[in-house]
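Worksheet: the structure to be examined is printed underneath.
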Amino acid sequence: MCPSGRHDGPVKPAKHPRTDDGATPSPPQNSAQAKVPTNLPGDAARVGRVVRETKETQIEATLTLAGGRLSADFEWLGFFGHMLNALVTHAGFGLDLKVKGDKFVDWHHTVEDVGLALGEALAQALGDYSGHARFGWALVPMDEALAEAAVDAGRRPYLHFAVDWPQPVTGTFDLCLVEEFF
């Protein structure tokens with residue numbers, strides 16, 4: 001069985017959004033500029049939109065399953081922004097994300113609430129869960145690491161997270177929060 005969980009051939013790797021001249025486009029400045037595919041089969045564009053506001057955070061997330069541009073202020077998010085950018089790029093998603101959080105206290109609330117918002121947006125985009133492979137797996141060699149993931153999108157949440165970090169922090173980001181995000 002191929003990694004997508006389907007029997008219909010190999011999985012195509014996610015493509016980075018590119019302009020006609022091959023350059024990576026700059027991200028849209030607001031959600032109105034976010035590219036949302038309109039040529040999808042069926043009636044829905046398979047988009048999920050979530051607004052999450054707590055005492056600590058304000059998050060707006062629009063996730064598009066069929067890809068599109070990434071729109072977020074990843075710079076102030078440091079490593080967490082890098083992680084989100086890599087996740088949605090390699091998953092082939094489009095993402096418009098606006099995040100305000102109490103990072104000055106610590107990263108916990110921001111990471112937790114972004115994870116919850118993206119999970120809700122993904123569930124909305126999947127709709128009745130038809131038209132996608134229910135499970136898949138991958139081994140990904142990247143830099144000095146080998147990552148292994150097995151995913152079952154069967155609406156029964158469970159996480160087994162076994163990571164030995166070489167250091168507890170990267171930049172100002174506590175790596176233990178990666179598990180909190182997932």
Would Thr54 and His109 count as a side chain to side chain contact (heavy atoms under 4.5 Å, CB included) if you check the C-alpha gap in whole Å, the side-chain angles of each, and the deciding distance to 0.1 Å? CA-CA 9 Å; Thr54 67; His109 295 125; 5.9 Å; no
Dump the intermediate steps for side chain to side chain contact (heavy atoms under 4.5 Å, CB included) on Lys98 and Gln58, then the final yes or no. CA-CA 8 Å; Lys98 294 177 181 63; Gln58 296 84 43; over 6 Å; no
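Val51 and Leu97 are assigned to two separate hydrophobic clusters, defined by single-linkage of ILVMFWY side chains at heavy-atom distances under 4.5 Å. Hydrophobic clustering keeps Val151 apart from Leu159 (ILVMFWY residues linked when any side-chain heavy atoms are closer than 4.5 Å, directly or through intermediates). Note on Phe181: it clusters hydrophobically with Val163, by side-chain heavy-atom contacts below 4.5 Å among ILVMFWY residues. Grouping the Ile, Leu, Val, Met, Phe, Trp and Tyr side chains by contacts below 4.5 angstrom, directly or via other members, places Leu84 apart from Val169. In the hydrophobic clustering of this structure, Ile59 groups with Phe182; members are Ile, Leu, Val, Met, Phe, Trp, Tyr whose side-chain heavy atoms approach within less than 4.5 Å, directly or through other members.
One finds the CG atom of Asp113 at 8.0 Å from the NE2 atom of His108 (value rounded to the nearest 0.5 Å). Leu95 contributes atom CG, which lies 6.0 Å from atom CG of Leu63 (distance to the nearest 0.5 angstrom). A distance of 8.0 Å separates CD of Glu60 from CG of Asp96, quoted to the nearest 0.5 Å. The CD atom of Glu120 sits 7.5 Å away from atom CD of Gln124, with the distance rounded to the nearest 0.5 Å.
For residues 151-180, the set of pairs meeting the ring-ring contact (aromatic ring centres under 6.0 Å, His included) definition, not counting sequence neighbours, comprises Phe79-Phe173, Phe80-Phe173, Trp107-Phe173.
With hydrogens and angles disregarded, no donor-acceptor distance shorter than 3.5 Å links the side chain of Thr64 to the backbone of Ala66.
A side chain to side chain contact (heavy atoms under 4.5 Å, CB included) with Arg52 is found for exactly one of Leu116, Val114, Val99, namely Leu116.
The two residues Ala61 and Leu118 have their closest heavy-atom pair at CB-CD2, 3.9 Å. Here the closest non-hydrogen pair linking Gly48 and Ala125 is N-CB, 3.6 Å.
With sequence neighbours left out, the side-chain hydrogen bond (donor to acceptor under 3.5 Å, both in side chains) criterion links Thr170 to no other residue.
Contact check for Arg46 versus Leu126: side-chain heavy atoms found under the 4.5 Å cut-off. Between Leu65 and Val47 the shortest side-chain heavy-atom distance does not fall below 4.5 Å. Counting only heavy atoms from C-beta outward, the side chains of Lys100 and Glu53 never approach each other to under 4.5 Å.
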